[in-house]
Amino acid sequence: MSDAKRIVLSSDHADIELRQTIAKHVAAKGWDVVDIGPMTSESTHYPIHGEAAAQKVASGDCQLGIILCGTGQGIMMAANKVKGIRCGVCSDTFSARMIRQHNDANMLSLGARVTGEGLALDIVDAFLDAEFEGGRHATRVAMIEPS
C-alpha cells in the first residue's frame with residue numbers, strides 16, 4: 001500500500017449521483033478515491049456493495065470507506081459483517097465526528113434518501129477531519145471487536 005490517503009466509495013443503484021458528488025468532494029480534499037460503483041441505475045443489491053467496500057478497508061487497500069443506500073442502514077449492516085470494520089450511519093455532523101473520535105470508525109454510511117447533498121458533504125468532512133482519541137475509548141473499541 002502506498003502512503004497516499006485512499007478511500008473507497010460504494011452504493012446501491014439509487015445513490016450514484018450523491019456518491020459521485022462525494023467522490024469529487026473527497027478527491028478535492030486530497031484523497032485518492034476508489035469508486036467501486038455501481039455505475040448504472042440498473043437494480044442491484046446493497047449488501048454486495050457494502051461488503052465489497054468493507055473488504056477494501058479491512059485488507060488495508062483503503063484507509064477509510066463511505067457507503068450509501070436509501071437509509072444507510074442496510075449497507076452499513078453488510079459492511080459490519082466484515083472483520084475489522086466499524087461502520088456507523090450518520091445523519092448529522094456530531095455523530096460523524098464521534099464515530100471517529102470515540103469508536104475509531106473506519107467507514108461511514110449515509111442514507112441518500114434521508115440526507116441532502118449539502119448536509120452529506122458536511123457529514124463527510126466531520127468524519128474525515130476527526131481522529132481517534134484512544135485512551136479509554138481504545139478499551140471500549142477492543143470490547144466490540146469480534147472474537
Side-chain angles (χ1 to χ4, degrees), residues 1-134 137 140-141 144-146:
M1 185 172 73
S2 72
D3 291 334
K5 299 184 304 183
R6 288 173 54 89
I7 189 166
V8 61
L9 272 70
S10 192
S11 69
D12 64 11
H13 59 279
D15 308 308
I16 296 169
E17 186 176 336
L18 182 56
R19 187 190 76 233
Q20 290 173 338
T21 298
I22 291 169
K24 290 176 191 167
H25 180 76
V26 170
K29 293 177 72 72
W31 286 82
D32 179 13
V33 175
V34 179
D35 186 341
I36 61 171
M39 299 303 176
T40 71
S41 60
E42 182 179 338
S43 183
T44 186
H45 303 292
Y46 63 80
I48 294 168
H49 301 287
E51 182 179 359
Q55 292 292 351
K56 291 262 188 207
V57 175
S59 72
D61 183 43
C62 295
Q63 289 82 15
L64 298 174
I66 300 173
I67 52 179
L68 301 91
C69 70
T71 64
Q73 299 292 344
I75 201 164
M76 177 270 303
M77 291 177 192
N80 278 327
K81 289 176 58 177
V82 176
K83 186 175 182 173
I85 296 303
R86 289 172 305 282
C87 182
V89 177
C90 295
S91 57
D92 63 271
T93 57
F94 179 78
S95 296
R97 194 168 43 257
M98 289 297 105
I99 66 170
R100 291 278 289 145
Q101 290 178 344
H102 290 190
N103 307 117
D104 198 19
N106 48 17
M107 293 187 72
L108 169 67
S109 183
L110 296 168
R113 293 181 180 151
V114 178
T115 309
E117 180 181 306
L119 180 56
L121 296 178
D122 287 347
I123 291 167
V124 166
D125 287 344
F127 178 77
L128 295 178
D129 293 344
E131 293 184 20
F132 183 49
E133 292 178 352
H137 304 296
R140 295 169 183 159
V141 168
I144 63 172
E145 286 297 316

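Quick note: numbers below take in every heavy atom, side chains included, and nothing from hydrogens, waters or symmetry partners.
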Problem - Inter-residue atom distance Phe127.CZ - Arg97.CZ, 0.5 Å rounding - result: 13.0 Å
Handout entry: Heavy-atom pair with the smallest gap, counting every atom of Asn106 and Gly84
Key = ND2-O, 2.9 Å
Practice task
May I ask you to decide if Val34's main-chain N or O and Arg6's side chain share a donor-acceptor pair within less than 3.5 Å?
Solution key: no
Problem - Glu117 and Leu18, any side-chain heavy atoms less than 4.5 Å apart - result: yes
Practice task
Determine whether Asp92 and Ile123 make a side-chain contact, defined as any pair of heavy atoms from C-beta on separated by less than 4.5 Å.
Solution key: no
Exercise for the section: First locate atom CG of Leu9, then atom CG of Leu108, and finally report the distance between them rounded to the nearest 0.5 Å. Expected result: 9.5 Å
Handout entry: Any side-chain heavy-atom pair of Leu128 and Ile7 under 4.5 Å
Key = yes
Handout entry: Side chain to side chain, Leu64 and Arg100, heavy atoms closer than 4.5 Å
Key = yes
Problem - pair Arg19-Ile16: side-chain heavy atoms closer than 4.5 Å - result: yes
Practice task
Answer whether the closest heavy-atom distance between the side chains of Val89 and Val114 falls below 4.5 Å.
Solution key: no
Problem - Within 6.0 angstrom of Lys81 NZ, more than 12 heavy atoms from elsewhere - result: no
Fill in the blank from the handout: In short, Val82 meets Gln55 closest at the heavy-atom pair CG2-NE2, 3.8 Å
Completion exercise
Taken to the nearest 0.5 Å, the spacing of Tyr46 OH from Met77 CE works out to 7.5 Å
Practice task
Answer whether the closest heavy-atom distance between the side chains of Asp12 and Pro38 falls below 4.5 Å.
Solution key: no
Practice task
Verify the neighbour count for atom CD of Glu17: are there more than 12 heavy atoms of other residues, nucleotides or ligands below 6.0 Å?
Solution key: no
Exercise for the section: Step through the shown structure and confirm whether more than 12 heavy atoms of other residues, nucleotides or ligands are within 6.0 Å of CD on Glu42. Expected result: no
